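A short write-up of the structure that comes next.
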Amino acid sequence: MCGIAGLAGADATRHERTVGAMGASQAHRGPDGTMHAPSYDGRAAPAMNTLLIVARQAVPGPYLDRESGVLPAFNGEIYNYRQQAKAWGIPLSARETDAHLLLRAWAKIGPSCREGLDGMFGLAVYDPRGGRLFLARDRLGEKPLYRRLDGGRLAFASEITTRTGYGTAPLVLLPEMLSIETPVGVDTPFQGIQLLAPATVLSFDVASGSLDQHTWWSLTRQRPFAGTYTEALADFSVVLAEQVPLRAPACDFALLLSGGLDSSVLAYLMRPPVCVTVRYRGKDRLDESAAAARIARDIGADLVVVEPDHLDFPKALPRMMAALDYPMGDASTFSEHMAYRQIAGLGLRVVVGGLGPDEFLMGYVRHALVLFGPDAVLKAGLEAYRPLPAKLVHAAGEDLDAGSAVTRRVLRGPDPEGRIHDLVADAMDRAGGDMARALTPADLVTAWRPLVMTSDKLPSAYALERRSPYLAREFAELSYRLPAEYKISHPARWKRILREAAKALGLPPEVWDSRDKLGFASPVPAWLNGPLAGWADTQIRTALAEAPASLRPLLKRGLGPGSRFDRSRMQALVTSAWFHEQTVRAAA
């Protein structure tokens with residue numbers, strides 16, 4: 001994990017002080033050094049925050065190929081960099097890293113080298129041979145990269161707050177922030193600032209100021225798996241056994257161990273020395289610490305238990321919002337934040353988490369509701385989710401059509417412009433009209449962005465690198481290709497093939513056979529209606545008095561009591577904290 005920032009344009013190096021300030025503003029991402037460097041021709045100036053994981057003796061970036069003048073800044077990890085160096089005939093010393101591979105591969109092969117990179121990355125490469133700056137992101141968007149084109153210059157950075165230091169950017173309430181609590185596509189709540197889409201490479205001609213970009217990988221291009229379930233399970237088990245351990249660092253690291261299926265499988269395959277779980281006293285419904293303790297004992301790991309209470313949330317919220325750039329996430333975001341803080345306090349640099357199987361293997365109740373219908377889900381013993389089926393039925397009691405049903409499952413507010421419906425419809429088209437296959441791409445264009453963003457930004461605030469092994473290309477592609485019945489064979493039997501693999505690995509039945517899905521859920525919504533109700537009301541009302549008109553509808557929705565499946569109050573509070581953070585930054 002590192003950070004990148006910089007400018008490209010005809011007069012870029014005249015603004016080196018600005019680039020230096022941009023890099024310094026996100027120095028927490030790279031405690032081993034923040035540096036910037038001008039290109040040979042003066043038309044680019046990248047900055048890089050370096051966190052050394054692979055080779056602790058390496059020199060901080062940016063890096064320069066003296067022969068070609070290629071100048072890259074790199075954020076992320078390339079897990080196969082030694083293998084690719086050998087395949088491409090590129091020499092690397094023991095003290096050199098994946099960033100050095102990128103440097104030499106780009107100089108030798110050009111932009112197409114990204115196809116051979118297996119990992120997570122956000123990168124900027126200036127190539128003076130064609131006078132172009134290239135920006136690129138990894139396949140599933142693990143590493144963020146924002147851009148802004150202004151006055152013939154292209155500015156870029158890993159964090160939006162770094163980019164706003166380059167120039168003011170008015171706040172904009174996007175319609176989807178009311179619909180699903182987060183921006184979609186490439187939009188951000190800052191006018192003129194966009195997020196580079198996952199698996200996208202952008203080329204900026206510094207002479208003409210023209211932009212060109214294209215997507216270089218897509219999950220929906222994968223052909224359906226044609227083999228039997230037995231064959232699928234064999235292939236799936238091999239991919240797990242090969243790809244997950246590849247993402248274990250050579251140094252000590254911690255695993256976020258909720259006690260659920262996904263993180264427990266990682267524990268058995270990666271054997272982390274430290275596992276960290278979160279529990280809340282008096283909240284037995286959310287407590288999976290007994291299962292986490294069992295898994296930690298099985299693999300011989302130390303288990304660290306973090307126990308926040310309601311007094312911790314008001315203290316943590318400002319730092320969470322400063323890290324996140326804009327409102328995103330859900331109640332589990334607080335649990336993860338507290339876990340990252342604890343892990344950083346242990347002196348570790350890498351944390352591993354179980355993001356991915358829920359989206360790729362139909363692990364959410366909403367997937368079962370769409371595929372099997374509300375009655376079947378409730379009859380399967382999932383009474384705790386009774387409020388959800390109403391979202392999938394017309395007022396007259398008629399079933400929704402497939403596209404509307406998929407849309408309804410992700411909506412948390414109104415969709416007056418139909419933007420979310422259109423995104424889902426496009427996902428279904430790309431899946432060939434197959435509703436089961438459309439569920440994953442629909443998740444990727446709606447609910448996915450805040451998951452990968454929080455997985456990067458929250459740990460980065462504590463100089464931690466977050467790794468998500470299930471986002472390995474081979475795992476994601478194979479999981480998507482599988483027939484729906486290999487993933488979910490019963491309304492209460494989600495992630496079927498992963499459960500079978502877990503059973504074969506020797507995980508205890510209470511893990512692989514569990515019907516509950518908790519993750520790092522927190523009681524924050526209940527606190528906001530209980531011990532923190534007065535504080536929450538004050539925060540929201542204060543923001544209402546000062547916020548622009550565009551934000552007020554969202555804030556007003558939070559003044560009523562929320563519920564387990566209605567996060568309006570939580571969203572309004574988070575938005576209030578975000579607005580306060582922006583006000584403070586503007587005044588500084």
Side-chain angles (χ1 to χ4, degrees), residues 53 240 244-245 247-310 312-313 316 331-358 363 454-455 458-459 461-470 495 498-499 501-503 505-524:
I53 301 292
L240 274 180
V244 170
R247 282 148 175 80
C251 59
D252 285 346
F253 66 100
L255 170 70
L256 295 177
L257 180 62
S258 69
L261 176 66
D262 303 345
S263 60
S264 296
V265 170
L266 294 182
Y268 269 62
L269 288 172
M270 301 183 83
R271 303 285 163 165
V274 178
C275 295
V276 178
T277 196
V278 181
R279 72 180 176 203
Y280 296 89
R281 292 178 183 175
K283 301 293 181 182
D284 294 343
R285 175 71 182 85
L286 304 179
D287 191 354
E288 291 184 294
S289 61
R294 165 75 186 273
I295 297 297
R297 284 195 303 270
D298 284 354
I299 66 171
D302 293 331
L303 180 66
V304 176
V305 180
V306 183
E307 294 185 293
D309 62 28
H310 69 278
D312 291 311
F313 183 70
S332 67
T333 303
F334 173 62
S335 297
E336 291 196 23
H337 169 84
M338 298 303 287
Y340 294 137
R341 188 178 75 171
Q342 181 70 39
I343 292 165
L346 297 174
L348 301 175
R349 290 186 163 217
V350 179
V351 56
V352 174
L355 179 63
D358 288 326
T454 54
S455 292
L458 289 177
Y462 290 103
L464 290 170
E465 175 175 282
R466 161 73 185 250
R467 298 188 179 187
S468 300
Y470 292 120
K495 297 183 284 194
L498 183 60
R499 292 177 187 274
K503 183 179 180 180
L505 284 171
L507 271 72
E510 57 263 35
V511 172
W512 59 259
D513 199 34
S514 173
R515 292 186 177 189
D516 265 336
K517 177 175 176 53
L518 298 177
F520 276 142
S522 81
V524 170

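The structure displayed is predicted, hence computed values, not measured ones.
Expressed to the nearest 0.5 Å, how far CG of L458 lies from CE of M338 amounts to 12.0 Å. Y470 OH to D358 CG: the interatomic distance, rounded to the nearest 0.5 Å, is 10.0 Å.
Applying the ring pair (Phe, Tyr, Trp, His ring centres under 6.0 Å) criterion to Y462, with sequence neighbours excluded, gives H337. For Y340, there are no ring pair (Phe, Tyr, Trp, His ring centres under 6.0 Å) partners two or more places apart in sequence or in a different chain.
R294 contributes no side-chain N or O that, together with a main-chain N or O of G259, makes up a donor-acceptor pair within less than 3.5 Å. A donor-acceptor pair is defined here as one N or O able to donate and one able to accept, closer than 3.5 Å; such a pair exists between the side chain of W512 and the backbone of L507. At distances below 3.5 Å, at least one donor-acceptor pair connects side-chain atoms of R467 with backbone N or O atoms of R247.
For I53 against E465, the heavy-atom pair with the smallest separation is CG1-OE1, 4.0 Å. A pairwise comparison of heavy atoms in S522 and Y280 identifies CB-OH, 3.4 Å as the closest pair. Nearest heavy-atom pair, Q342 versus V304, reported as atom, atom and distance to 0.1 Å: CG-CG1, 3.7 Å. When all heavy atoms of V350 and C251 are compared, the pair lying nearest together is CG2-SG, 4.1 Å. Of all non-hydrogen atoms in L286 and P523, the two that sit nearest each other are CD1-N, 3.6 Å.
Legend: salt bridge (charged side-chain N to carboxylate O under 4.0 Å, His left out) pairs involving residues 337-357, not counting sequence neighbours, sorted by first then second residue: D32-R349.
Using modelled atom types and a 3.5 Å distance limit, the side chains of S468 and R466 yield a donor-acceptor pair.
Results of the side chain to side chain contact (heavy atoms under 4.5 Å, CB included) test with P459 over I343, T454, L464 single out L464 as the only residue that passes.
Residues D287 and K283 are not paired through a salt bridge, judged by the lack of any N-O separation under 4.0 Å between the basic side chain and the carboxylate.
At least one side-chain heavy atom of P508 sits less than 4.5 Å from a side-chain heavy atom of I295. Between F520 and T277 there is a side-chain heavy-atom pair separated by less than 4.5 Å.
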